[in-house]
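Bear in mind that the values here come from a model prediction, so they are computed numbers and not experimental data.
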Amino acid sequence: MASIASSKFFQNVVELNVSDCAFDHDGAAALGDAIRMSRCILTLLLNNNEITYYGAGMFARGLEGNSCLEYLNMNNCDIGDQGLGVLLC
């Protein structure tokens, strides 16, 4: 993920589906770093992964610089209310 995220290719991604990929908090952190580099991602599908509230917090840091995201799906992840709160802040 890190090498893809640093490439110019990822900067132009508008939709990313990594559902059912067994992402955990480490994967969420790497994805957050990648999202930070994306200029125009609109849709991000993360459902059915192993992301906990801890991973949601690490992922949220990557969203801080993204003003384009319109749709985020994290159904069936284990972020709980605490993780949701982190993502909404």
*Asks:* List for me each residue that meets side chain to side chain donor-acceptor pair (under 3.5 Å) alongside T43, sequence neighbours excluded, and say none if there are none.
*Replies:*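 Testing T43 for side chain to side chain donor-acceptor pair (under 3.5 Å), a comparison that skips the adjacent residues, returns none.
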
*Asks:* Between F59 and V86, is the side-chain contact (heavy atoms from CB on, under 4.5 Å) condition met? List the steps.
*Replies:* CA-CA 9 Å; F59 174 69; V86 170; over 6 Å; no

*Asks:* Looking at residues at least two apart in the chain, or sitting in another chain, which of them share a side chain to side chain contact (heavy atoms under 4.5 Å, CB included) with A29?
*Replies:*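 Expected list: M58.
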
*Asks:* Could you tell me the separation between the CG atom of N17 and the CG atom of N47, rounded to the nearest 0.5 Å?
*Replies:*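 Rounded to the nearest 0.5 Å, the CG-CG separation comes out at 6.5 Å.
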
*Asks:* By the ring pair (Phe, Tyr, Trp, His ring centres under 6.0 Å) test, which pairs, at least two apart or in different chains, include something from residues 25-45?
*Replies:*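 For residues 25-45: H25-Y54.
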
*Asks:* Who are the side chain to side chain donor-acceptor pair (under 3.5 Å) partners of D26, not counting sequence neighbours?
*Replies:*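 Partners of D26 by the side chain to side chain donor-acceptor pair (under 3.5 Å) criterion come out as none, since no residue qualifies.
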
*Asks:* How would you list, by chain and number, every residue that makes a side chain to side chain donor-acceptor pair (under 3.5 Å) with D78, sequence neighbours excluded?
*Replies:*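 Partners of D78 by the side chain to side chain donor-acceptor pair (under 3.5 Å) criterion come out as none, since no residue qualifies.
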
*Asks:* So, using side chain to side chain donor-acceptor pair (under 3.5 Å) as the criterion, who are the partners of D81 when residues are at least two apart?
*Replies:*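 If we apply the side chain to side chain donor-acceptor pair (under 3.5 Å) test to D81, skipping adjacent residues, there are no hits.
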
*Asks:* Can you name the side chain to side chain contact (heavy atoms under 4.5 Å, CB included) partners of C21, sequence neighbours left out?
*Replies:*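 If we apply the side chain to side chain contact (heavy atoms under 4.5 Å, CB included) test to C21, skipping adjacent residues, the hits are V18, F23, N49.
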
*Asks:* Got a second to check how far C40's SG is from N12's CG, nearest 0.5 Å?
*Replies:*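 C40 SG to N12 CG: 5.5 Å, rounded to 0.5 Å.
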
*Asks:* Without hydrogens or angle criteria, can the side chains of N48 and S19 be said to hold a donor-acceptor pair below 3.5 Å?
*Replies:*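 There is no such pair (donor and acceptor under 3.5 Å, judged by atom type) between the side chains of N48 and S19.
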
*Asks:* I'd like to know if L16 and L87 are part of one continuous hydrophobic network [Ile/Leu/Val/Met/Phe/Trp/Tyr, side-chain heavy atoms within less than 4.5 Å].
*Replies:*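 Yes: a chain of side-chain contacts under 4.5 Å links L87 to L16.
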
*Asks:* Which value, rounded to the nearest 0.5 Å, describes the distance between C89 atom SG and L84 atom CG?
*Replies:*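 C89 atom SG to L84 atom CG measures 9.5 Å (nearest 0.5 Å).
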
*Asks:* Restricting to non-hydrogen atoms, name the atom on I41 and the atom on E15 that form the minimum distance, rounded to 0.1 Å.
*Replies:*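 Closest approach of I41 to E15: CG1-N, 4.4 Å.
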
*Asks:* Please give the remaining members of the hydrophobic cluster of Y71, linking ILVMFWY side chains under 4.5 Å, ordered by chain and number.
*Replies:*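 Cluster partners of Y71: L45.
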
*Asks:* Which heavy atom of A28 sits nearest to which heavy atom of G55, and what is that distance?
*Replies:*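 A28 and G55 have their closest heavy atoms at CB-O, 3.5 Å.
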
*Asks:* For the CG atom of L72 and the CG atom of L46, what is their distance to the nearest 0.5 Å?
*Replies:*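 Rounded to the nearest 0.5 Å, the CG-CG separation comes out at 6.0 Å.
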
*Asks:* Between atom CG of L31 and atom CZ of R36, what is the distance when rounded to the nearest 0.5 Å?
*Replies:*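 L31 CG to R36 CZ: 11.0 Å, rounded to 0.5 Å.
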
*Asks:* Quick one: list whatever passes salt bridge (charged side-chain N to carboxylate O under 4.0 Å, His left out) with R61, sequence neighbours left out.
*Replies:*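 Testing R61 for salt bridge (charged side-chain N to carboxylate O under 4.0 Å, His left out), a comparison that skips the adjacent residues, returns none.
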
*Asks:* Please check if I35 and L42 belong to a single hydrophobic cluster, counting links between Ile, Leu, Val, Met, Phe, Trp and Tyr side chain heavy atoms closer than 4.5 Å.
*Replies:*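 Cluster IDs for I35 and L42 differ.
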
